[in-house]
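Reading through the structure tokens given below for one structure.
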Protein chains: 2
Amino acid sequence: MEKGLRADARRNRDLIVAAAQELFLEQGVDVPLEEVARRAGVGVGTLYRRFPDRDALLRAVGEQSLRRLVDLAETAWQEEPDAWHALCRFLRGSVALRLGVLPAKLQPHLHQRMRAGADLHELRQRVIVAVLRMIERAQADGVLRADIGPGDIALLMTLNVYTPPGMHNEQAMGRVVEIMLDGLRADVESPLPGAPLGEDDLRRYTAVRLPPTE
Amino acid sequence: MEKGLRADARRNRDLIVAAAQELFLEQGVDVPLEEVARRAGVGVGTLYRRFPDRDALLRAVGEQSLRRLVDLAETAWQEEPDAWHALCRFLRGSVALRLGVLPAKLQPHLHQRMRAGADLHELRQRVIVAVLRMIERAQADGVLRADIGPGDIALLMTLNVYTPPGMHNEQAMGRVVEIMLDGLRADVESPLPGAPLGEDDLRRYTAVRLPPTE
DNA sequence: CTTATGCGGAGGAAAATCTTCCGGTTAGGG
DNA sequence: CCCTAACCGGAAGATTTTCCTCCGCATAAG
């Protein structure tokens, strides 16, 4: 993506997107762009040259996240021997990459941009489809507990992404995912309260709207 | 606490603290105080009169949270028939109240205030002691998996508190806690990666320091 | 009924953030 | 190796957000 840039420009662009992803997550989408520049190790000028406004940056981060997530999900599905292991790999990966089903704090903004923007919708759709497949299949195999819906998975993923900054710790989060996975196994089966969170919940969650700021 | 106020003043004070707790959690401790006032349904003047500066408000929220948490933990310990059920009740309750082991986003600030301030340290200590007791006992009973430490519990609690605003949903979070609890049961026992997060981790987590802003 | 106590929010001061612009630096083709 | 188009950093002025005081009006409580 984004070609015809000089090598240093390209590198800086990537640094900026990476820094932005971190900071959007840690501090919300309102972080001062100067802080993004600082974390990326570039000047503000560089940032503004590449991303005319906050939205452009937001879109870039969103697109990158989605692409990674699609790749993670589809690779897991293809390469793992069964649906349960695919699901495990997907969850573990999403935590390692700090990606929710969709990067949650970006949702409200991405959502607006979607109609206008790129093929974001399609990417999102692919992730959702992959997750649905994994769940359905894993339940059919009798490994994933039956009273779980796609929305539940989405919620778990999102929680893992919202780790407070000081706690973001590869090791510790790895343990949390495993605990969650164990809690998802079919052999546990103490009934969950309420109904499974379904596909509609998943969609709602991945398009969460911030409280009316105005 | 805080007496000799006229009835309406008292009421407003409580409204302010409640609003502040929500907003600190949702938007961080830097929310405009005007927004706190708005959510509480009072004028800024009222807020500033009662809490001269942000710190005063922070301290009030922290103290209230801690008190509730202490009460939750100690009540659970006393009233439940065994340690496992006490732990369940504690976790469920902390989610319902939206309280981490300590309200995480408040930590860095509370931590500074602690030496000066009230008996916050003692309250914190009581929570920690209660949690340690529950864990130790539940493991001795063979109900809680053995490769779990206090730090793990603290982390799980914190995750539940950091729900993004749009997802804060009583029902859904209830399901998440149950999944977590199932994952904590001893009969699951697929080994977790790394070592249990111990008491020191717990303390570190409950005193998390924000990244150097300056 | 009186009055001490409390309330709301307008508004000026202060701080944070945005955005542009340009002199200096560097990648990379010739 | 050299030249130049492309890129970089960050100072600085404009703009927006946030702070916090102050005072005329409202009301709880004796």
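In the text below, chain A, chain B and the rest are named by the order of the sequence lines, each starting its count at 1.
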For [X] and [N], what is the distance between atoms [atom1] and [atom2] respectively, to the nearest whole Å?
X: A:D55; N: C:dT19; atom1: CG; atom2: P; result: 11 Å
X: A:R11; N: C:dT26; atom1: CZ; atom2: P; result: 12 Å
X: A:F51; N: C:dT17; atom1: CZ; atom2: C1'; result: 19 Å
X: A:D30; N: D:dT18; atom1: CG; atom2: P; result: 9 Å
X: B:L15; N: C:dC7; atom1: CG; atom2: C1'; result: 13 Å
X: A:E35; N: D:dG9; atom1: CD; atom2: C1'; result: 18 Å
X: B:L33; N: C:dG8; atom1: CG; atom2: P; result: 15 Å
X: A:D8; N: D:dC8; atom1: CG; atom2: C1'; result: 8 Å

Checklist line | 5' precedence on DNA chain D between A:G43 and A:E34 (nearest-nucleotide basis) | finding: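 Its nearest nucleotide being more 5', the pick is A:G43.
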Check: Between B:G45 and A:G45, which has a closest nucleotide on DNA chain D that is more 5'?
Finding: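 Final value for this comparison: A:G45.
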Notebook entry, point to check: Does B:D14 come within less than 4.0 Å of B:R10, counting only side-chain N to carboxylate O?
Noted result: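 So B:D14 pairs with B:R10 through a salt bridge.
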Check: Does A:T158 use its side chain to pair, donor to acceptor, with the backbone of A:A154 at less than 3.5 Å?
Finding: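 Yes, the answer is positive, given that a donor and an acceptor are paired below the 3.5 Å cut-off.
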Checklist line | Donor-acceptor pair, side chain of B:R145 and main chain of B:G183, under 3.5 angstrom | finding: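 Yes: the side chain of B:R145 pairs with the backbone of B:G183.
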[N] phosphate, OP1 or OP2, under 4.0 Å from [X] side-chain N/O:
X: B:R54; N: D:dC19; answer: yes
X: B:R49; N: C:dG6; answer: no
X: A:R50; N: D:dC8; answer: yes
X: A:N12; N: D:dC8; answer: yes

Nucleotide nearest [X] (side chain, heavy atoms from C-beta), chosen from [options]:
X: A:V42; options: D:dG9, C:dA27, C:dT5; value: D:dG9
X: A:L5; options: D:dT21, D:dC7, D:dC8; value: D:dC7
X: A:R6; options: C:dG6, D:dC7, C:dT17; value: D:dC7

Margin query: On DNA chain C, compare the nucleotides closest to A:Y48 and A:A7; which residue's is nearer the 5' end?
Written below: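 The 5'-side residue here is A:Y48.
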Note to self: Please report the interatomic distance CH2(B:W77) to CZ(B:R89), rounded to the nearest 0.5 Å.
What the structure shows: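 Between atom CH2 of B:W77 and atom CZ of B:R89 there are 13.5 Å.
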Margin query: Give me the atom names and distance for the closest heavy-atom approach of B:W84 to B:L144.
Written below: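 Taking B:W84 first and B:L144 second, the nearest heavy atoms are CZ3-CD1, 3.9 Å.
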